[in-house]
Structures are given as structure tokens and as C-alpha cells.
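Written below as C-alpha cells is the structure these notes are about.
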Amino acid sequence: SAVNGNIDKGVIDFKSGNLVLTKEDKTEILDFENLSLQINQDTEKKEEEFKRGSIPFSELFKIYKQDPKLKIIETELFYRIFYSFSPLILLILSFPLSIGFSRHYKTQGILISTFIGLIFYILFSFVDTLSIKGKLNPFYGFLSIYFFLTLLSFSIFLKKGLIIRTKWKY
């Protein structure tokens, strides 16, 4: 309780009173003359109320421009951009695999393609989680997934191509 107080631009000023704090089994009483508390509700409120896919892309981009420190908004923005390109990227990466495997190795090619798709979605979820927690920049995280899958796809293509060529020579 306080005798009087003032709220201005997210700062609450109290004049002479006491504050009761309870944590678990402890109770503390604080007597004060002047007490100022700064409240930062906007950031917490935006992150608590945000649900994936609930905001249109244009509004999401406006929110990101206003406050680029909101990790969940930044991650959602890059998630939508990179996820929309994923079918095209996976289709492009499938061409070297289709060239590298002949009809005799059709099952092997399907299994490797499924494996690469599974790796893609696991890595995408992993990068998404780390980005929301603020441990990874979402742009570089999602971009690195495409780079990794490109290296993986072409290394399989080159390895399989060399195996097939050596078999053809004998």
C-alpha cells in the first residue's frame, strides 16, 4: 500500500508506503519513502500473445521493423520466408540424386531422398527453437540448413557417381 503514486511512460512512482512480498514460504515487508518501478509490458505481452501464423506477413514485417529485438517475431519472419522456399530447394537438390541413381537403385534413391527430407525438417525445427530462445540468428540458421543439405546432396551424388562409374569399367 502507498499513500499516493504516479504512472508515467511505463514507470510507476510510489510515495511513502510498504510493499509485501511473498515467495514460497517466506514473507517480506518493505517500508519505503520513494519507490520507482519500470514496467516493460509491451515486449512480454507481444511474445505471450503471439501464436505461429496468427499475424499476416505484412503486419509481422511492420512489428519487426518497429522492434527488431523481439526474437519470436524475427524468427517467425525468417521461418515464413525460408519455409516457403523449401519445396523449391528440395526439388533442386533432388536432381543430382536422380541422376546419380539408375533404375536398379530406385529404392536406394527414394530412401536417401526421404532421409534428406527428414534431416531438413529436423534441422528446421532445431534452428527454429534455438532462434526463438535467442541463441542463434534465424537468418543464418535457416540459410545454413540449405547450405548443409546442398553439400550433403552433392557429396552423395559424387560418391554414388564414382561408385557407378567404377562398376561400369569392370
In Å and rounded to the nearest 0.5 Å, what is the [atom1] to [atom2] distance from [X] to [Y]?
| X | Y | atom1 | atom2 | result |
| --- | --- | --- | --- | --- |
| I73 | Y64 | CD1 | OH | 11.0 Å |
| K62 | Q66 | NZ | CD | 9.0 Å |
| I63 | I72 | CD1 | CD1 | 11.0 Å |
| S131 | F78 | OG | CZ | 9.5 Å |

Please state whether the rings of F57 and F61 are parallel, tilted or perpendicular, taking 30° and 60° as the class boundaries. parallel
Extract all donor-acceptor atom pairs below 3.5 Å that involve side chains of residues 118-130 and protein atoms in other chains or at least two apart in sequence.
from, atom 1, to, atom 2, distance (Å)
S125, OG, Y121, O, 3.1
D128, OD1, R52, NH2, 3.0
D128, OD2, R52, NH1, 2.8
T129, OG1, S125, O, 3.0

Closest non-hydrogen contact found for Y146 with T150 is O-OG1, 2.7 Å
Under the salt bridge (charged side-chain N to carboxylate O under 4.0 Å, His left out) definition, can you give me all pairs with a residue in residues 145-156, not counting sequence neighbours? none
Salt bridge between K71 and E74, side-chain N to carboxylate O under 4.0 Å? yes
Does any part of the side chain of F85, heavy atoms only, come nearer than 4.5 Å to the side chain of I81, both counted from C-beta? yes
With the side chain counted from C-beta on, respond yes when T22 and E28 share a heavy-atom pair under 4.5 Å apart, and no when they do not. no
What donor-acceptor contacts under 3.5 angstrom involve side-chain atoms of residues 132-145, with partners at least two apart or in another chain?
from, atom 1, to, atom 2, distance (Å)
N137, OD1, F139, N, 3.0
S144, OG, Y140, O, 3.2
S144, OG, G141, O, 2.6

